[in-house]
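Residue numbers begin at 1 in each chain, while the letters A, B, ... track the order of the sequences. Nothing here was measured: the structure is a model prediction, and the numbers come from that model.
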2 protein chains.
Amino acid sequence: MSDTYANLLDLAESESCARGFTAVSYGDLATLAGIRKASIHHHFPAKASLGLALVDRYADRLAGELAELSERSRSGGDALRAYLARCRNDLRDGTAVSLLAAMIADAANLPEEMRGQVTRLRELVVRWLGDVLQRGRQDRSISVSGGPREEGLAVFVQLLGAQLAARAARDPSLFDAASATISARIFRS
Amino acid sequence: MSDTYANLLDLAESESCARGFTAVSYGDLATLAGIRKASIHHHFPAKASLGLALVDRYADRLAGELAELSERSRSGGDALRAYLARCRNDLRDGTAVSLLAAMIADAANLPEEMRGQVTRLRELVVRWLGDVLQRGRQDRSISVSGGPREEGLAVFVQLLGAQLAARAARDPSLFDAASATISARIFRS
DNA sequence: GTCTATAATGAGATAGAC
DNA sequence: GTCTATCTCATTATAGAC
């Protein structure tokens, strides 16, 4: 794994969060990386292989980060708060969303294999959110009316929509307004 | 009524709901309409003009439909239920979303003028949802904890996320699962 | 690993005949 | 209004030199 390889993945991720994987071209990446676009084919023969490498790397990182986030949090409420902050942070100045949100928005134009990975990633996050809500209910930091699984999915899609609406308006504060009810509805204390 | 013009808009709308406006080409539309792509330029000289006509026509139709939906509903709860059914119906077999959702997902790649129209459309719907929640609170068909405006925005982005997640998975039932908490949380009776 | 050069395709768009 | 023909440009991708 050369520097260029990882650097190309970094650039592809950043650009995909801003405009979607489909809109990112080898020409864009070549310019950003300071090499020629033909050179990118040495690392990623086809664009689908770049996409797969991108989502696979992200899946590993996300699973690790969520696990770490659970461990570090002293309550389910803390973990959920940290996840909210993470989503908010991915918005940058309102020109981007998290990679998972970007891929869900763009899924209809993604290679089939990539779309399957996106579904698995969504299920991973929804499951994690359900666990966090369950934990928060037990430690009394969270109050949800429905079952943790369906509430986890509800939180996920609300944050997904909030991120995409904020990017569309290029206004990160829209995310805050659109996700405020999660805090208001769920957190105790 | 004129034939090709309206037909092209219909086809562009249908394809945009499935794959996003950016992914729809003159070549696609020409094949679907049974004409040559050069002929499309007679009706829409540039693709941006097609996009503008598309979103403008949708804005008119949506405003009318929402107003009619308010009038026909006997309570705020009924109006919200009808809106939920409308979103669900736009999913078709899980391969599409409502045009507004599709444009928000694709906004980063849309012509600037189109993006402005998308923002105005989003504000229109969020305002309508806020009014409906307010009305439902007064007629006691709806129970919301927060203010109608922020709850309206929350409902909007949850439905936005639910639609896009369902399209990504090509599974319309995912929309049902992801929007179930709206009914559970809000409706009285 | 990166380069130049070059397909091969498909996109949006224009000119002008009918 | 629709056609053929053509243009320009961007895209993914390959071959082969260095």
Side-chain angles (χ1 to χ4, degrees), chain A residues 1-57 102-103 106-115, chain B residues 1-57 102-103 105-115 117:
Chain A
M1 300 238 183
S2 62
D3 275 350
T4 304
Y5 182 91
N7 187 34
L8 286 171
L9 281 182
D10 289 344
L11 294 169
E13 179 168 333
S14 171
E15 288 298 295
S16 294
C17 291
R19 299 181 289 122
F21 178 74
T22 306
V24 178
S25 73
Y26 274 38
D28 296 334
L29 296 178
T31 301
L32 290 166
I35 59 177
R36 298 289 166 170
K37 59 182 180 169
S39 308
I40 300 178
H41 286 277
H42 173 75
H43 304 278
F44 306 100
K47 203 188 173 191
S49 63
L50 168 62
L52 249 297
L54 188 61
V55 63
D56 283 348
R57 187 183 74 157
M103 291 188 299
D106 193 33
N109 302 297
L110 261 27
E112 205 62 20
E113 201 177 347
M114 237 181 126
R115 240 191 62 246
Chain B
M1 68 195 258
S2 179
D3 3 329
T4 305
Y5 182 90
N7 188 34
L8 285 172
L9 281 182
D10 289 343
L11 294 169
E13 179 168 333
S14 170
E15 289 297 296
S16 294
C17 291
R19 299 183 287 121
F21 177 74
T22 305
V24 178
S25 73
Y26 275 39
D28 296 333
L29 296 178
T31 300
L32 290 166
I35 58 178
R36 300 288 164 171
K37 62 178 182 171
S39 308
I40 300 179
H41 285 278
H42 172 75
H43 304 279
F44 306 101
K47 203 187 171 192
S49 64
L50 168 62
L52 250 296
L54 188 60
V55 63
D56 283 347
R57 187 184 74 157
M103 291 188 298
D106 193 33
N109 302 298
L110 296 179
E112 204 62 20
E113 200 177 347
M114 237 181 126
R115 240 192 62 245
Q117 284 288 62

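- Protein atom CG of B/L50 is 14 Å distant from nucleotide atom P of C/dA11, rounded to whole Å.
- With rounding to whole Å, B/I40 atom CD1 is found 11 Å from C/dA11 atom P.
- Atom CZ of A/F44 is separated from atom P of D/dT11 by 18 Å (rounded to the nearest Å).
- We find the NE2-CG distance between A/H43 and A/L29 to be 11.5 Å, quoted to the nearest 0.5 Å.
- Atom CZ of B/R57 is surrounded by more than 12 heavy atoms from other residues, nucleotides or ligands within 6.0 Å.
- Between A/A18 and B/A108 the shortest heavy-atom distance is O-CB, 3.4 Å.
- Between B/L29 atom CG and C/dA13 atom C1' there is a gap of 15 Å when expressed in whole angstrom units.
- Note on B/H43: a side-chain N or O is less than 4.0 Å away from OP1 or OP2 of D/dT2.
- Between B/L50 and B/L9, some side-chain heavy-atom pair lies under the 4.5 Å cut-off.
- Atom NZ of A/K37 and atom P of D/dA13 are 11 Å apart (whole Å).
- Comparing atom distances between the A/S25 side chain and each of D/dT2, D/dT11, D/dT4 picks out D/dT11 as nearest.
- Going from atom NZ of B/K47 over to atom C1' of D/dA10 covers 14 Å, rounded to whole Å.
- In this structure, A/R36 places its CZ atom 21 Å from P of D/dG16, rounding to the nearest Å.
- Distance CG/A/D28 to OG/A/S25: 3.0 Å, rounded to 0.5 Å.
- Taking the side chain of A/A38 as heavy atoms from C-beta on, and the options C/dA15, C/dT4, D/dT12, the nearest nucleotide is C/dT4.
- Residue A/H42 has no polar side-chain atom (N or O) positioned under 4.0 Å from OP1 or OP2 of C/dT2.
- Between B/Y26 atom OH and D/dC3 atom C1' there is a gap of 17 Å when expressed in whole angstrom units.
- Considering only side-chain atoms of B/H41, the nucleotide from C/dA13, C/dT2, D/dT12 that sits closest is C/dA13.
- Within the structure, a side-chain polar atom (N or O) of A/S39 is placed less than 4.0 Å from OP1 or OP2 of C/dC3.
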